[in-house]
> 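This is the structure, below, for whatever I ask next.
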Amino acid sequence: MSIVIQDVCKSFGNTPVLQHFSWTVDGPAVLMGRSGCGKTTLLRILLGLEAADSGAVSGVKTPAAVFQEDRLLMAKSAGGNLRFALGGTYNAARAAALLRELGLGDVGDKRVRNYSGGMRRRLALARALLAPSDALVLDEPLTGLDTENRAAALRCILRAAEEKPVLLSAHETLDIPCRAVVEL
C-alpha cells in the first residue's frame, strides 16, 4: 500500500506553497524543510482537511494523524483521551502497553493539563498509533521529546511503518531507516 501524491499545487491568495509536487510514499518516509515551506499544508491535503488547487492524492482512505498542536482533552487522563478518541476500537491492554512503551505508563488518572509538553506529544502519538488507519500522517511528532523518549517514539513509529505507509514531517534530519526523504 502506498500514498501517491501526483502534481499537487496549492496557493494561498497569490502565494504559491506547493508547485507540482509529486511523491509516492510506502513505508516510513520523511518530509523535511524549513518552517513555512508547505509541509503542514501537504499533510493537511493528505488528511482531507485542505483541498489542493490541482493534482491528486490517492492511497489514503482512513489516516491517523499527529498534528502540530496536540489536540488533547485537557480535563481527561491519558486513558480518557484514548477512550474518547478511539471509541469502540479502544483496547485497554493495548493502550496500556503502548503508553508504557512511550514512558507514560505511570501517569494514572493525572489530567493532561498537568502533563509536560513532551508527555502531551507522546500521548498524541499514542492516539494516532492506536487508531484504526491505513496510513499515518505525523506532523513533527518528535517535537519537545528528549533523547530517550524520542528513541521510544521512533521505535513505535517504525513498527507501525511495517504495516502501513507513514509520512512524518521534520525540521531536522532524523536518524531513522526510511525509504525516502524529500525536502520541500
Side-chain angles (χ1 to χ4, degrees), residues 1-8 18 21-33 38-52 55-72 78 81-104 120-143 145 149-171 173-184:
M1 180 178 7
S2 299
I3 300 171
V4 180
I5 305 162
Q6 297 173 307
D7 203 32
V8 168
L18 297 169
F21 185 80
S22 296
W23 191 18
T24 299
V25 177
D26 53 1
V30 178
L31 181 64
M32 288 188 51
K39 297 184 307 291
T40 296
T41 298
L42 179 62
L43 298 183
R44 289 178 55 81
I45 290 169
L46 292 174
L47 292 168
L49 301 173
E50 192 80 51
V57 173
S58 61
V60 182
K61 291 185 177 85
T62 55
V66 170
F67 299 93
Q68 281 186 339
E69 320 79 33
D70 296 320
R71 299 185 181 190
L72 299 167
N81 267 272
L82 295 176
R83 278 189 296 282
F84 179 84
L86 301 172
T89 65
Y90 176 75
N91 177 311
R94 190 169 168 238
L98 182 59
L99 289 174
R100 275 192 307 277
E101 189 173 357
L102 290 171
L104 295 172
R120 290 177 185 175
R121 200 70 184 147
R122 287 177 279 148
L123 178 55
L125 178 60
R127 180 186 55 209
L129 291 168
L130 291 168
S133 68
D134 62 1
L136 283 173
V137 177
L138 310 174
D139 199 352
E140 308 212 13
L142 307 175
T143 299
L145 300 186
N149 288 314
R150 186 180 180 104
L154 282 172
R155 281 191 301 275
C156 294
I157 291 167
L158 291 173
R159 188 171 55 245
E162 293 172 4
E163 300 175 6
K164 61 185 99 182
V166 174
L167 176 57
L168 62 116
S169 70
H171 286 236
T173 303
L174 300 175
D175 186 26
I176 62 170
C178 62
R179 297 203 177 128
V181 176
V182 169
E183 188 158 347
L184 279 179

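If you're wondering where the values come from, they're calculated on a predicted model, not measured in any experiment.
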> If I take atom CG from residue Leu102 and atom SG from residue Cys156, how far apart are they, to the nearest 0.5 angstrom?
4.0 Å
> Measure the CG-CD distance between Leu43 and Glu50 for me, rounded to the nearest 0.5 Å.
11.5 Å
> Does some side-chain heavy atom of Ile157 sit less than 4.5 Å from a side-chain heavy atom of Leu136?
no
> So, using side chain to side chain donor-acceptor pair (under 3.5 Å) as the criterion, who are the partners of Gln68 when residues are at least two apart?
Thr40
> Look only at the side chain of Lys61 and the backbone of Asp134, and say whether a donor-acceptor pair between them is shorter than 3.5 Å.
no
> Locate the shortest heavy-atom distance separating Ser133 from Ala64; write the atom from each residue and the value.
CB-N, 3.6 Å
> Show the nearest heavy-atom pair for residues Glu101 and Arg159, with the distance to one decimal.
OE1-NH2, 2.8 Å
> For the NZ atom of Lys164 and the CD1 atom of Ile3, what is their distance to the nearest 0.5 Å?
11.0 Å
> Can you name the closest pair of heavy atoms from Leu18 and Ile45 and give their distance?
CD1-CD1, 4.0 Å
> Mind running side chain to side chain contact (heavy atoms under 4.5 Å, CB included) on Arg127 and Leu72 for me, showing each step along the way?
CA-CA 10 Å; Arg127 180 186 55 209; Leu72 299 167; 3.3 Å; yes
> Just to verify, which of Leu145, Asp70, Leu98, Leu99 counts as forming a side-chain contact (heavy atoms from CB on, under 4.5 Å) with Arg122?
Leu145
> First locate atom CG of Leu130, then atom CG of Leu86, and finally report the distance between them rounded to the nearest 0.5 Å.
6.0 Å
> In the structure I gave you, are the side-chain heavy atoms of Val66 and Arg121 within less than 4.5 Å of one another anywhere?
yes
> Please examine the side chains of Phe21 and Leu31, heavy atoms only from C-beta on, and report whether any two atoms are closer than 4.5 Å.
yes
> Nearest 0.5 Å, please: how far is OG1 in Thr143 from CZ in Arg120?
14.5 Å
> Between atom CG of Leu168 and atom CE of Met32, what is the distance when rounded to the nearest 0.5 Å?
10.5 Å
> Between Ser22 and Asp7, what is the shortest heavy-atom contact and its length?
OG-N, 2.7 Å
> Which pair of non-hydrogen atoms, one from Ser2 and one from Asp26, has the smallest distance, and what is that distance?
OG-CB, 3.4 Å
> Can you find a pair of side-chain heavy atoms, one from Leu142 and one from Leu154, that are under 4.5 Å apart?
yes
> Locate the shortest heavy-atom distance separating Ala126 from Leu82; write the atom from each residue and the value.
C-CD2, 4.3 Å
